[in-house]
Asker: 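Quick one: structure below, then a few questions.
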There are 2 protein chains.
Amino acid sequence: MNLTAPPCPEATAVIHPRQAEILRAVRQAFVEKGFDGASMQDLARAAGMSVGNFYRYFPSKAAIIGAMVLMDAQEIRADFAAILAAPSPLTALRHGLRERIFGADCAKDSALWAEIDAAARRMPEVAEAHRMIESEVRGQLIAVFAAGTGLPLAEANRRFSTHAAFLLTLFKAAACADAMLGVDIPALRAMIAETLDARLDEILRHATPPPD
Amino acid sequence: MNLTAPPCPEATAVIHPRQAEILRAVRQAFVEKGFDGASMQDLARAAGMSVGNFYRYFPSKAAIIGAMVLMDAQEIRADFAAILAAPSPLTALRHGLRERIFGADCAKDSALWAEIDAAARRMPEVAEAHRMIESEVRGQLIAVFAAGTGLPLAEANRRFSTHAAFLLTLFKAAACADAMLGVDIPALRAMIAETLDARLDEILRHATPPPD
DNA sequence: GATCTGGGAGTGAACGTTCATTCACTGATA
DNA sequence: TATCAGTGAATGAACGTTCACTCCCAGATC
């Protein structure tokens with residue numbers, strides 16, 4: 001397997017509409033079989049086209065994977081833009097996290113999260129996209145904390161960078177929790193959400209003006 | 001890749017000493033390259049033997065992987081046996097969790113945890129072993145909670161099964177946290193440990209006789 | 001309107017590589 | 001001598017990628 005494909009475009013890169021269409025189509029194949037387990041033939045079936053045609057749009061299989069992860073990064077960026085534009089960003093964040101934790105998409109995304117985590121250690125394209133997503137999310141969380149507490153960004157970073165990392169860690173754990181058999185999943189998710197809330201309350205206590 | 005190898009022996013199965021030696025040797029190859037990415041030739045190099053010799057000890061590559069995960073399960077079982085035999089099981093559990101979270105092995109195991117999580121969805125041998133480990137850990141945690149609170153096992157299960165699942169989830173998250181770049185890892189681990197402690201304190205408040 | 005041409009999307013067999021597994025063979029030991 | 005541990009080339013399958021080819025469409029030309 002060739003892992004030396006050219007690097008991925010940045011998350012700001014324009015993904016061609018046909019590329020995006022292809023990526024949406026192949027996602028489920030990756031969910032079911034993993035990155036290595038899904039062959040180009042599997043992907044071709046999922047996308048309803050021939051294997052050779054992929055190479056008009058992506059230079060390699062690894063690049064397909066990297067682009068798909070980047071497309072996720074762009075969605076997450078849009079989500080945070082909405083949260084930061086809300087009248088009360090911390091409340092919007094709470095709401096958004098709960099929706100994600102309790103929503104149907106949490107279960108659907110867990111396989112892919114696990115696969116991305118594992119693959120980031122062995123595929124440069126995934127490693128780069130993964131690093132970018134996590135760095136982006138933490139940065140955005142800190143921006144929300146700054147907006148929610150009225151602190152300058154640098155001060156919010158100093159005080160809450162560990163909180164940001166913790167929230168991301170816990171959120172990822174929530175995404176994987178549904179894979180546990182014999183567990184009351186709603187109760188587990190509720191406990192996770194409660195833990196997230198406690199940390200957000202802790203942050204809110206740092207607010208300089210009255211909390212938003 | 002053939003995924004139809006015979007199922008793994010149970011965690012109570014005797015792992016031949018030579019098998020155990022081989023499994024210890026190949027572990028690092030799996031850590032570095034992942035289950036799919038590590039070829040039989042890579043494993044052979046790591047074990048210092050020829051590729052054909054593996055098949056004297058394991059029926060397939062998948063069986064090697066499954067056995068390695070099961071060997072982990074046996075270690076975890078032994079760890080819990082020691083905790084349950086301690087004069088104060090809950091304190092011993094706290095201590096054990098902290099050692100794991102702050103110890104050097106946490107970083108070393110994270111790649112493998114991620115790989116096992118991802119692989120459990122696509123390799124029957126790993127899925128079975130993974131299911132067994134998680135079920136075992138949760139059961140053992142509940143046994144520790146029962147011992148620590150003086151409650152009957154069935155009652156401890158009723159009250160704390162979600163706590164057990166939460167602790168396992170958070171512990172796994174801690175194992176993966178060190179892969180985050182640009183994060184103060186010790187501070188993050190401390191926050192995770194603090195969260196675990198809070199949940200254990202919560203459990204301790206259910207003690208019927210004075211807490212141990 | 002009919003025909004030609006160029007460009008783009010799509011095809012799938014062929015290709016070279018890599019893979020996990022097999023098996024005839026070797027060497028050491030009791 | 002028999003048994004067991006070990007060997008590594010051969011094997012067939014699977015893989016990602018390439019490439020000669022096809023078809024379609026739009027625009028240009030007659």
Side-chain angles (χ1 to χ4, degrees), chain A residues 1-8 14-27 29-30 32-69 115 118-119 122-126, chain B residues 1-8 14-27 29-30 32-69 115 118-119 122-126:
Chain A
M1 184 164 69
N2 179 15
L3 296 182
T4 58
C8 277
V14 175
I15 295 184
H16 190 276
R18 180 64 174 138
Q19 282 179 321
E21 187 179 10
I22 291 167
L23 294 175
R24 279 191 295 270
V26 302
R27 190 179 180 92
F30 283 132
E32 282 168 13
K33 301 205 172 183
F35 292 153
D36 290 326
S39 67
M40 293 307 288
Q41 195 54 250
D42 293 327
L43 302 187
R45 264 189 301 270
M49 65 180 194
S50 70
V51 290
N53 202 26
F54 280 112
Y55 299 89
R56 283 195 179 279
Y57 300 98
F58 304 96
S60 65
K61 183 183 179 186
I64 294 173
I65 291 164
M68 191 184 66
V69 176
E115 193 70 24
R122 14 173 201 92
M123 300 175 72
E125 293 82 357
V126 179
Chain B
M1 184 164 67
N2 179 15
L3 296 183
T4 56
C8 278
V14 174
I15 295 184
H16 190 274
R18 179 65 174 136
Q19 283 180 321
E21 187 181 10
I22 291 167
L23 293 176
R24 281 191 293 272
V26 300
R27 190 180 181 90
F30 282 132
E32 281 168 15
K33 300 205 174 184
F35 292 153
D36 289 328
S39 67
M40 293 306 289
Q41 196 56 250
D42 292 327
L43 301 187
R45 265 191 298 271
M49 65 181 193
S50 71
V51 291
N53 203 26
F54 281 113
Y55 299 90
R56 284 195 180 280
Y57 299 97
F58 305 97
S60 66
K61 183 183 179 185
I64 293 173
I65 291 163
M68 191 184 64
V69 176
E115 193 69 25
R122 3 170 210 98
M123 299 174 73
E125 293 82 354
V126 178

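All chains are named by letter (A, B, ...) in the order of the sequence lines, taking the proteins before the strands, and each is independently numbered beginning at 1. Small disclaimer: the values here were computed from a predicted structure and weren't measured. As a basis for the values below, the full set of heavy atoms in this structure was taken, side chains included, without hydrogen atoms, waters or symmetry mates.
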Asker: Quick one: is A:Arg18 getting a side-chain N or O under 4.0 Å of the C:dG8 phosphate, OP1 or OP2?
Answerer: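 Negative; the distance criterion is not met.
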Asker: Rounded to whole angstroms, how far apart are CG on B:Asn53 and C1' on C:dA28?
Answerer: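 Interatomic distance, CG of B:Asn53 to C1' of C:dA28: 14 Å.
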Asker: B:Tyr57 near the nucleic acid: base, sugar-phosphate alone, or nothing, with a heavy-atom cut-off under 4.0 Å?
Answerer: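 If one applies the 4.0 Å heavy-atom cut-off, B:Tyr57 turns out to touch the sugar-phosphate alone, with no base involved.
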Asker: Between C:dT21 atom P and B:Met49 atom CE, what is the distance in whole Å?
Answerer: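 In whole Å, C:dT21 P lies 13 Å from B:Met49 CE.
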Asker: When you get a sec, tell me which of D:dG8, D:dG6, D:dT17 is the closest nucleotide to the side chain of B:Val51?
Answerer: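 It is D:dG8.
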Asker: Note the angle between the end axes of the helix from C:dG1-D:dC30 to C:dA30-D:dT1, five pairs defining each, rounded to 10 degrees.
Answerer: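 End axes: 20° apart.
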Asker: Quick one, B:Tyr57 with B:Arg18, criterion side chain to side chain contact (heavy atoms under 4.5 Å, CB included). Give me CA distance, side-chain angles, the key distance, then yes/no.
Answerer: CA-CA 8 Å; B:Tyr57 299 97; B:Arg18 179 65 174 136; 3.4 Å; yes
Asker: For A:Met123 and D:dG16, what is the distance between atoms CE and C1' respectively, to the nearest whole Å?
Answerer: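 Answer to the nearest Å: 12 Å.
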Asker: Looking at CG of A:Leu23 and NE2 of A:His16, how far apart are the two atoms once the value is rounded to the nearest 0.5 Å?
Answerer: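 One finds 12.0 Å between CG of A:Leu23 and NE2 of A:His16.
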Asker: In sequence, state the C-alpha distance, the side-chain angles, and the governing distance for B:Asp36 and B:Arg122, and then conclude on side chain to side chain contact (heavy atoms under 4.5 Å, CB included).
Answerer: CA-CA 11 Å; B:Asp36 289 328; B:Arg122 3 170 210 98; 3.2 Å; yes
Asker: At their closest point, which heavy atom of A:Val51 faces which heavy atom of A:Ala44, and how far apart are they?
Answerer: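 Of all heavy-atom pairs spanning A:Val51 and A:Ala44, the closest is CG1-CB, 3.7 Å.
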Asker: Once you round to the nearest 0.5 Å, how far does CZ of A:Arg45 lie from OG of A:Ser39?
Answerer: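 The distance works out to 6.0 Å.
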Asker: If you find the nucleotide of DNA chain D closest to A:Gly52 and the one closest to A:Asp42, which residue's nucleotide is nearer the 5' end?
Answerer: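 Comparing both residues, the 5'-ward one is A:Asp42.
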Asker: Roughly how far, to the nearest 0.5 Å, is CZ of A:Arg24 from CD of A:Gln19?
Answerer: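 So the gap between those two atoms works out to 11.5 Å.
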Asker: Measure the distance from CE on B:Met40 to C1' on D:dA10 and round it to the nearest whole Å.
Answerer: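 In whole Å, D:dA10 C1' and B:Met40 CE are 16 Å from each other.
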Asker: Calculate the interatomic distance between B:Ile65 atom CD1 and C:dC19 atom P; express it in whole Å.
Answerer: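 Roughly 14 Å, once rounded to whole Å.
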Asker: Indicate the atoms forming the closest heavy-atom contact of A:Lys61 with A:Phe30, along with that distance.
Answerer: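 Here A:Lys61 and A:Phe30 meet closest at CE-CE2, 4.5 Å.
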Asker: Nearest whole Å is fine: how far is C:dG12 C1' from A:Tyr55 OH?
Answerer: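 It is 13 Å, rounded to the nearest whole Å.
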Asker: Rounded to whole Å, how long is the line connecting atom CZ of B:Phe54 with atom C1' of C:dC23?
Answerer: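 About 18 Å, once rounded to whole Å.
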Asker: Please give, in whole Å, the distance from C:dT22 P to B:Phe58 CZ?
Answerer: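 In whole Å, C:dT22 P and B:Phe58 CZ are 15 Å from each other.
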Asker: Measuring from the side chain of B:Ser60 (C-beta onward, heavy atoms only), which nucleotide among C:dG10, D:dG8, C:dT21 has the closest atom?
Answerer: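 Of the candidates, C:dT21 comes closest.
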Asker: Which nucleotide in the list C:dT21, D:dG6, C:dG10 gets nearest to the side chain of B:Arg56?
Answerer: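 For the B:Arg56 side chain, the nearest candidate turns out to be D:dG6.
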